[in-house]
Amino acid sequence: MAVTGDETAATGDMPAYQIRTPTTTLPQGVVMAASPGTLHSPQQMAEEATRKRELRLLKNREAARECRRKKKEYVKCLENRVAVLENQNKTLIEELKALKDLYCHKAE
DNA sequence: ATAAACTTACGTCAATAACT
DNA sequence: AGTTATTGACGTAAGTTTAT
């Protein structure tokens, strides 16, 4: 199965193209008192996790686009090289034929 | 006209290579 | 060792071609 869940709980019934948020997100309206002395309430942790995930997805999205662009270019390059070599080959075959011909007629 | 088959581009995940 | 970048594999949507 390709659609395996990631670190945020495998929800097999959710289409892959939907953006999932970490399950650590608290229900609407629930406000936790920030633990005294720290800036790391569960909410803040969850928000930070979401922010990190979205940033990661954004970066990877762009990386994937670039990767495909490079691959396409590479393939185009190869195809071009094939065309060039095919032409060279054709020319060489013609040349060989001509030389053989010449040699034959000389031999008579 | 349209249903089915094929193509193209995309976003995501996971593995791993490259970097610090 | 932890973090970030790269890329193959997969599923999806939209576009195009082909057969009826």
Side-chain angles (χ1 to χ4, degrees):
Chain A
M1 186 56 167
V3 188
T4 56
D6 58 4
E7 70 279 1
T8 70
T11 53
D13 55 341
M14 190 180 278
Y17 52 85
Q18 277 192 357
I19 296 164
R20 280 155 294 180
T21 52
T23 52
T24 50
T25 303
L26 292 166
Q28 288 276 331
V30 177
V31 179
M32 306 280 283
S35 20
T38 64
L39 298 172
H40 304 296
S41 71
Q43 259 158 326
Q44 285 171 320
M45 301 289 280
E47 276 167 26
E48 178 67 3
T50 302
R51 200 186 61 75
K52 269 191 174 173
R53 174 183 159 78
E54 275 165 4
L55 189 66
R56 177 165 57 78
L57 288 182
L58 177 68
K59 276 190 172 180
N60 188 247
R61 199 177 301 144
E62 281 164 2
R65 262 202 287 265
E66 176 65 8
C67 181
R68 288 186 190 113
R69 192 194 62 73
K70 273 165 59 183
K71 187 174 179 178
K72 244 176 142 180
E73 195 175 280
Y74 174 67
V75 168
K76 224 190 254 176
C77 249
L78 288 182
E79 285 170 345
N80 194 46
R81 185 160 164 71
V82 167
V84 167
L85 290 174
E86 275 176 351
N87 272 337
Q88 276 183 7
N89 198 35
K90 216 157 90 182
T91 305
L92 288 170
I93 286 171
E94 288 302 314
E95 200 179 319
L96 179 62
K97 208 161 87 182
L99 287 171
K100 274 181 175 171
D101 237 35
L102 197 64
Y103 179 75
C104 268
H105 287 103
K106 241 183 183 173
E108 284 168 13

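Chain letters run A, B, ... following the sequence lines, proteins first and then strands; every chain starts at 1. Worth saying up front: this structure is predicted, and the values here are computed from it rather than measured.
- Atom-to-atom, NZ of A/K72 to P of B/dT7 comes out at 15 Å; the value is rounded to the nearest Å.
- Between atom CG of residue A/N87 and atom CG of residue A/L92 there is a gap of 10.5 Å, rounded to the nearest 0.5 Å.
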For this session: List the protein contact pattern of nucleotides 2-8 of chain C with one symbol per nucleotide (5' to 3'): B for base contact, S for sugar-phosphate-only contact, - for none; contact means a heavy-atom distance under 4.0 Å.
Result: ---SBBS
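- Distances shorter than 4.0 Å separate none of the side-chain N or O atoms of A/R65 from OP1 or OP2 on B/dC10.
- Here NZ of A/K90 is found 9.5 Å from CD1 of A/I93. Values are rounded to the nearest 0.5 Å.
- Residues in residues 69-82 of chain A take part in these salt bridge (charged side-chain N to carboxylate O under 4.0 Å, His left out) pairs, two or more places apart or across chains: A/E66-A/R69, A/R69-A/E73.
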For this session: Let me see the working for A/V84 and A/Q88 under side-chain contact (heavy atoms from CB on, under 4.5 Å), right down to the final yes or no.
Result: CA-CA 6 Å; A/V84 167; A/Q88 276 183 7; 4.1 Å; yes
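- Within 4.0 Å (heavy atoms only), A/R68 reaches at least one base atom of the nucleic acid.
- Note on the helix from B/dA1-C/dT20 to B/dT20-C/dA1: angle between the axes of the first and last five pairs equals 20°, rounded to 10 degrees.
- The hydrophobic cluster analysis finds A/V82 isolated: no Ile, Leu, Val, Met, Phe, Trp or Tyr side chain comes under 4.5 Å of it, directly or through other members.
- Between the CZ atom of A/R56 and the C1' atom of B/dG11 there is a distance of 13 Å, given to the nearest Å.
- In terms of the salt bridge (charged side-chain N to carboxylate O under 4.0 Å, His left out) criterion, residue partners of A/E48 (sequence neighbours excluded) are, by chain and number, A/R51.
- Taking CG of A/N60 as the reference point, atom CZ of A/R53 lies at 10.5 Å (rounded to 0.5 Å).
- Remark: A/L58 engages A/R61, A/E62 in a side-chain contact (heavy atoms from CB on, under 4.5 Å) (not counting sequence neighbours).
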